[in-house]
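In what follows, chains carry the letters A, B, and so on, assigned in the order in which the sequence lines appear, proteins first and then strands, with residues in each chain numbered from 1. The analysis underlying the following values was restricted to heavy atoms, covering all of them including side chains, and did not include hydrogens, waters or symmetry mates.
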2 protein chains.
Amino acid sequence: MDKSELLRIIGKRILELREEKNLTQLDLAAKIEGDFDTTNVSRIESGRTNPTIFTLYRIAQALDVKLEDIMKIEIPED
Amino acid sequence: MDKSELLRIIGKRILELREEKNLTQLDLAAKIEGDFDTTNVSRIESGRTNPTIFTLYRIAQALDVKLEDIMKIEIPED
DNA sequence: TCCATACTTGACATTTTTGACAAGTCAAGA
DNA sequence: TCTTGACTTGTCAAAAATGTCAAGTATGGA
């Protein structure tokens with residue numbers, strides 16, 4: 001799996017989790033610890049950025065899920 | 001959990017996985033797809049840097065574990 | 001049609017990761 | 001002691017994430 005595919009999958013997973021909670025990007029950004037903008041949510045969900053683990057951790061916290069839940073992705077065998 | 005604690009935990013987990021496989025930092029760096037230096041392994045294992053998800057993914061691949069296995073950390077309740 | 005909401009996209013400055021190299025520490029063994 | 005291997009730490013440039021704002025698109029409702 002290449003970088004862009006990984007980022008798309010992670011982003012899609014975050015989008016799914018956010019929609020499960022019925023949150024808008026604005027709601028999510030507001031729940032995230034520290035400064036966070038809907039711009040970043042959009043960029044991450046659409047796979048246009050390669051977030052750091054701390055950024056993902058803050059997102060996981062705001063979504064009330066574990067960090068590993070965001071990583072539970074069906075990784076195509078290479 | 002604050003940022004530095006998260007990074008220390010993730011780093012420790014990678015160190016554990018690497019030692020389970022009896023790899024040196026040099027071995028690991030060499031197995032990682034694309035360019036990777038032992039400097040980076042050291043910085044990540046010691047929690048001095050906040051790696052991107054793609055970097056962690058490449059490390060997971062080199063360690064033959066799933067990305068989520070690196071994230072399976074006992075998260076202290078806040 | 002107009003408006004509001006939700007989201008995307010572009011631009012920008014700041015900060016940080018990444019990749020590379022050199023030098024330093026530290027421990028084990030000849 | 002000297003050397004080797006493993007790892008750490010500092011510096012540096014290049015690339016990229018982050019944070020912020022503004023503008024654009026799209027949809028649905030009044």
_Side chain of A:Ser42 - closest among D:dT9, C:dT8, C:dT18_ = C:dT8

_Side-chain N or O of A:Arg43 closer than 4.0 Å to phosphate OP1/OP2 of D:dT20_ = no

_A:Asp27 CG to C:dC7 P, straight-line distance once rounded to whole Å_ = 8 Å

_Length of the line joining A:Leu15:CG and C:dA6:C1', which is rounded to integer Å_ = 12 Å

_Does C:dT17 have its OP1 or OP2 closer than 4.0 Å to a side-chain nitrogen or oxygen of B:Thr55?_
no

*Please name the pair of heavy atoms, one in B:Ile32 and one in B:Ala62, separated by the smallest distance, quoted to 0.1 Å.*
CG1-CB, 3.6 Å

_Nearest-0.5 Å distance, CD1 of residue B:Ile44 to CZ of residue B:Phe36_ = 4.0 Å

*asked:* With a cut-off of less than 4.0 Å, is there a side-chain N or O of A:Arg58 near OP1 or OP2 of D:dG19?
replied: yes

*Would you call B:Arg43-B:Asp37 a salt bridge at under 4.0 Å N-O?*
no

*Is the shortest side-chain N to carboxylate O distance from B:Asp69 to B:Lys72 below 4.0 Å?*
yes

*Rounding to a whole Å, what distance do you find between B:Phe54:CZ and D:dA15:P?*
16 Å

*Which listed nucleotide (C:dT8, C:dT18, D:dT20) is nearest to the side chain of B:Thr49?*
C:dT18

*Would you indicate, yes or no, if D:dA16 has its OP1 or OP2 atom less than 4.0 angstrom from a side-chain nitrogen or oxygen of B:Thr52?*
no

*Rounded distance (Å) that lies between atom C1' of D:dG19 and atom CD1 of A:Ile32*: 12 Å

*Between atom CZ in A:Arg48 and atom C1' in C:dT8, what is the gap in whole Å?*
6 Å

*Can you check whether B:Gln25 has a side-chain N or O nearer than 4.0 Å to OP1 or OP2 of D:dT8?*
yes

*Starting from P on D:dT18, measure out to CD on A:Glu33 and report it in whole angstrom.*
14 Å

*What's the closest nucleotide to the A:Phe36 side chain, out of D:dG19, D:dA17, D:dC7?*
D:dG19

_If the cut-off is 4.0 Å, is B:Arg18 near the phosphate of D:dA6, judged by side-chain N/O to OP1 or OP2?_
no

*Heavy atoms under 4.0 Å, any strand shown: does A:Asp37 hit a base, just sugar-phosphate, or nothing?*
base

*Out of C:dT8, D:dC21, C:dG19, which nucleotide sits closest to the side chain of A:Thr39?*
D:dC21

_Nearest-angstrom distance from the residue atom CG of B:Leu26 to P of C:dC21_ = 14 Å

*Separation of A:Asn50 atom CG from C:dG19 atom P, in whole Å?*
10 Å

*Could you state the interatomic distance from OG1 (B:Thr55) to NZ (A:Lys3), rounded to the nearest 0.5 Å?*
7.5 Å

_If the cut-off is 4.0 Å, is A:Asn40 near the phosphate of D:dG19, judged by side-chain N/O to OP1 or OP2?_
yes

